[in-house]
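Have a look at the structure below, then the notes.
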Amino acid sequence: MKYLKRMVYSHLLMSKKLVVIGMGYVGIPAAALFADVKGFSVVGIQRRSKRSGWKIDYLNEGKNPIGGDEPGLSELIEKVVKKGTFRVTDDFSECNDADVILIDVQTPTDEKGIPHYESLKAVSKQIGSQMKKGVLVVIESTVAPGTTEHIVKPILETESKMTAGEEFSLAFSYERVMVGRLIYNITKLPRIAGGIDKESTKKAVELYKNIVKAEIYPTDSLTAEVSKVVENTYRDVNIAFANEIALMCESLGINVYKVRELVNTLPNDPSNPAANPVRNMHFPGAGVGGHCLPKDPWLLKYGVDTYGKFKVDSRVIINSRELNMQMPNHMAGLLENGLKEAGKELKGAKIAVLGVAFLENSDDTRNTPSKPFYEILKEKGASPVLHDPYVRDFEIPFTDNLDGAIKDADALVLMAKHKEYLNLDLSKIKEKMKTPVLIDGRNTYKKEKCKQLGFVYRCIGKSY
Ligand code: SAJ
């Protein structure tokens, strides 16, 4: 009987309807990739919200709503919309004959690190009330450990009056996307798929084989949830370590980037990694932004605090998070110090801030360090002018007119290492500025060259 059911199911797999909920940085590339696989018809579901509703019509015209450089994505969206295997709507009734449903909604945390699952719960309710027997539901959004089992599963079961594992399958399989390489990271990086039971895991692994050209690791949903937030927390803690070493190098009057280079020369011996564990000191910088690193450590802590057998004092993780959140303050300190050397006060000074996005060459402003930096400058009575060549909308006024931002500025502060800023003609820029002060938050410019040009130069992790 079980074999027969599996046979029927694999026949169903041949022509499959896949619904992706949440047309964002994860949902859009995933939907387009599946829509390009033979036998798949894909429907994207997006709320017709003020902020994102416009994406529905834009995508249905075969256009890519994600800004910045995203190799291959625009062409793929145009192709699958043209061949009719991808369309977008705000109608959740599309779930009632779906074979697979992917959940890619935002899972933000508040300032106390508590997750807010309004979207996740709302779409789980919608899915549960529509979904058919035998459907596979996969959560791709990053969630706190325990969320699949304790929040999503009960909602789906209550709304559908079906039992998970018996009448439908449920799994957690996280994305590893990064802005600037969405398609590459989904198709070329290994994938982890964790079901609430073995059958759900198996079906999720089968599903991702269609788009992932790398190893797919089966596990259970809780282990997969923890792996995701640990993966990003690991990065956040390593960045905090680099930032702390940078502060120490400033204090000692040496160059942290030279230290990093020397530390990372420790050879990695793949044939015997234990003999010489690799060093991969990360880059110190003006701050850590994005939808992931500022949030995932809190999701990890929340999961352990909520579903763990005993409390764990996550001091390493939380102190690291707090140190990374302090970096915009440190940037403001370097700025005040540089202005002082130039005989200027921060109060009343015009500050050109280069980079609103949290990451170079992207339009993504989520949790950008430029926001707290801007607010600190405002608090101190300065007149910051934000500039960014990629960002389209942001809650704080900004410009894409570089000359206007630099004109009569008392300082230039680099927050994001956009390629447009790499080869700026600093001597011309100096002429347009009122006070030649340059604060480098991403080790973009050469200290000696800046000094030769007559700039007062400060950089995270460098002597001055
Ligand atoms: N940053 C540093 N120093 C570094 C690396 C990054 O200060 O050495 C800063 C960046 O400037 C940025 C922030 O950290 O403000 C985040 O940068 P990121 O390169 O981690 O970019 P994300 O957040 O888009 O991508 C991360 C990645 N996670 C890991 O590499 C473990 C990506 O693989 C994940 O898919 C993504 O989070 C996610 O969606 O979870």
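Just follow the structure's listing: the first ligand is 1, and inside any ligand the first atom is 1.
Of the N or O atoms in Arg176, one or more lie within a sub-3.5 Å distance of an N or O in ligand 1. Checked by distance only, ligand 1 and Glu175 come closer than 3.5 Å through their nitrogen or oxygen atoms. Any N or O atom pair closer than 3.5 Å counts here, and Asp296 shares no such pair with ligand 1.
With a 4.0 Å heavy-atom cut-off, ligand 1 is reached by the side chain of Lys228 but not by its N, CA, C or O. Using a 4.0 Å cut-off between heavy atoms, Glu360 makes no contact with ligand 1 at all. Of the heavy atoms in Val288, both backbone and side-chain atoms come closer than 4.0 Å to ligand 1.
Ligand 1 is never approached by Gly290 to a heavy-atom distance shorter than 4.0 Å.
Figure legend: Arg442 and Phe283 shown without cation-pi pairing, the cationic atom not lying both under 6.0 angstrom from the six-membered ring centre and within 45 degrees of its axis. Cation-pi geometry between Lys447 and Tyr457 is not met at under 6.0 angstrom from the ring centre and within 45 degrees of the axis.
No side-chain donor-acceptor contact under 3.5 Å links Ser74 and Lys63.
Residue, atom and distance of the protein heavy atom nearest to atom 20 (O) of ligand 1 are Arg235 NE, 2.6 Å. The shortest contact between atom 11 (O) of ligand 1 and any protein heavy atom is with Arg442 NH1, 3.2 Å.
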request  = Show your working on ring-ring contact (aromatic ring centres under 6.0 Å, His included) between Tyr421 and His387 and close with a plain yes or no.
outcome  = CA-CA 11 Å; Tyr421 300 145; His387 172 271; 5.6 Å; yes
query = salt bridge (charged side-chain N to carboxylate O under 4.0 Å, His left out) between Lys371 and Glu375: does it pass, once the steps are laid out?
reply = CA-CA 6 Å; Lys371 180 166 178 264; Glu375 285 157 356; 3.4 Å; yes
